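Below, all heavy atoms of this structure are taken into account, side chains as well, without hydrogens, waters or symmetry copies. This chain uses plain numbering: 1 for the first residue, then up along the sequence. In this text, all values refer to a predicted model and were calculated from it rather than measured experimentally.
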Amino acid sequence: NKPYILIYHTHATESYLLAEKDNYRSSDRRYNMINIGSIISTILEANGHKVEHVVTYHDLPSYSQSYARSYNTIVKKRDESDNLKILLDIHRDGIEENSPNIDSVRKKSKVKINGKEVATFSLVVGPDSPNYDQVLSFAKYIKAVSDTLYPDLCTGIIIKPMGKYNQHLSDYSALVEVGYNFNSLEEATEGAKLVAEVLALAINSLIEE
């Protein structure tokens, strides 16, 4: 009866094309990752899952302290309830306008599904967690479910050169990047709905096991 999924945002102000003039960041929750997290949370709950969605801006006032602040949030929430097993850090990806590979990234940033242009998503894994194998396995599992439901929606798993990204706190940690800075808000919100469906099915299967 208690939430077992924690959705939070290490970089809550990350936003989309609408916020281009502010370096693709916004503290207005209608346009940033809190909106995306709310969509995912609502759909997970509609599928019978128990979710707690944290709407704290961990990247304000200090971006460099984002992960330290989200770590403190997770630990506090886990102290309040040891039922929180699945940790979902929802972001969006980003790329500089003058990046040499921007054209290929733009091409993979969205896909047409059921007649709609939707933002794609990827999963990020930090290599320095002691439970790296388990976290990578969870990411691979989510991608496999996504590939079955919506081929091409998940563009892949990104293993960073270093870092933990707080994934050491649970074997069922996932850092999910929904779209890119140059996706429209509509593409991102439509993509979030499909990501939520993928997560709902994946977590259903975990619970059944």
Quiz prompt | Exercise: identify the closest heavy-atom pair between R92 and M33 | solution = N-CE, 3.6 Å

Quiz prompt | Those residues that, when tested against F138, pass ring-ring contact (aromatic ring centres under 6.0 Å, His included) (two or more places apart) | solution = Y172

Exercise. List the atom of F121, the atom of S146, and the distance in Å for their closest heavy-atom pair.
Key: CE2-OG, 3.4 Å

Self-check item: E190 versus V118, closest heavy-atom pair with distance
Solution: CB-CG1, 3.7 Å

Practice problem: Please tell me if the side chains of E197 and L194 come closer than 4.5 Å, counting only heavy atoms from C-beta onward. | Solution: yes

Quiz item: What heavy-atom pair brings S15 and S26 nearest, and what distance separates the two atoms?
Solution: CB-N, 3.9 Å

Practice problem: Kindly check if the number of other-residue, nucleotide or ligand heavy atoms within 6.0 Å of CD (E96) is above 12? | Solution: no

Practice problem: Determine, for K85 against E52, whether the closest basic-nitrogen to carboxylate-oxygen distance falls under 4.0 angstrom. | Solution: no

Exercise. Identify the heavy atoms of S109 and Y180 that sit nearest to each other, and give their distance.
Key: CB-CD1, 3.6 Å

Practice problem: Using modelled atom types only, decide if a donor and an acceptor are shared between the side chain of T13 and the backbone of R25 within a distance under 3.5 Å. | Solution: no

Quiz item: In a check of side chain to side chain donor-acceptor pair (under 3.5 Å) between H58 and each of D89, N72, T73, which one passes?
Solution: T73

Quiz item: Using 4.0 Å as the upper bound for N to carboxylate O, is an ion pair formed by K76 and E80?
Solution: yes

Exercise. Please say whether more than 12 non-hydrogen atoms of neighbouring residues, nucleotides or ligands are located less than 6.0 Å from CG in N101.
Key: yes

Quiz prompt | Euclidean distance, R69 CZ relative to S64 OG, rounded to 0.5 Å | solution = 11.0 Å

Quiz prompt | Point-to-point distance, once rounded to the nearest 0.5 Å, from NZ of K108 to OG of S122 | solution = 7.0 Å

Quiz item: Just wondering, more than 12 heavy atoms not from E186 lying within 6.0 Å of its CD?
Solution: no

Quiz prompt | Charged N-O contact under 4.0 Å between K107 and D103 | solution = no

Practice problem: Go through the steps to decide whether I7 and L44 satisfy the test side-chain contact (heavy atoms from CB on, under 4.5 Å), and finish with yes or no. | Solution: CA-CA 11 Å; I7 291 178; L44 285 171; 4.0 Å; yes

Quiz item: With side chains defined as the heavy atoms from C-beta onward, is the minimum distance between V111 and Y150 less than 4.5 Å?
Solution: no

Self-check item: Nearest-0.5 Å distance that lies between atom CG in N131 and atom CG in L136
Solution: 11.0 Å

Quiz prompt | Audit row: Y165, Y67, ring-ring contact (aromatic ring centres under 6.0 Å, His included) steps and yes/no | solution = CA-CA 7 Å; Y165 303 101; Y67 279 98; 5.3 Å; yes

Quiz item: Taking side chain as C-beta onward, heavy atoms only, is Q167 less than 4.5 Å from L87?
Solution: no

Exercise. Check whether any side-chain heavy atom of L88 lies under 4.5 Å from a side-chain heavy atom of V51, and answer yes or no.
Key: no

Quiz prompt | D59 vs T10 side-chain heavy atoms within contact, under 4.5 Å | solution = no

Self-check item: Counterpart residues, ring-ring contact (aromatic ring centres under 6.0 Å, His included), relative to Y132 (two or more places apart)
Solution: none

Self-check item: Identified side-chain contact (heavy atoms from CB on, under 4.5 Å) counterpart of V178 within the set I90, N183, I39
Solution: I90

Quiz item: In terms of heavy-atom contacts, does CG of D28 have more than 12 from other residues, nucleotides or ligands at under 6.0 Å?
Solution: yes

Exercise. Kindly indicate whether the side chain of R29, heavy atoms from C-beta on, has any atom under 4.5 Å from the side chain of N35.
Key: no

Quiz item: Do Y16 and I36 pass the side-chain contact (heavy atoms from CB on, under 4.5 Å) test, and can you show the C-alpha distance, the side-chain angles, and the key distance before you say yes or no?
Solution: CA-CA 11 Å; Y16 299 93; I36 301 300; 3.8 Å; yes

Practice problem: Taking the side chain as every heavy atom from C-beta outward, state whether V195 and V176 have any atom pair closer than 4.5 Å. | Solution: yes

Quiz item: Looking only at heavy atoms, what is the nearest atom pair of V125 and A139, with distance?
Solution: CG2-CB, 4.0 Å

Quiz prompt | Whether H11 and Y63 hold their rings parallel, tilted or perpendicular, with breakpoints at 30° and 60° | solution = parallel

Quiz item: Looking at side-chain heavy atoms only, is the closest gap between D152 and T120 below 4.5 Å?
Solution: no

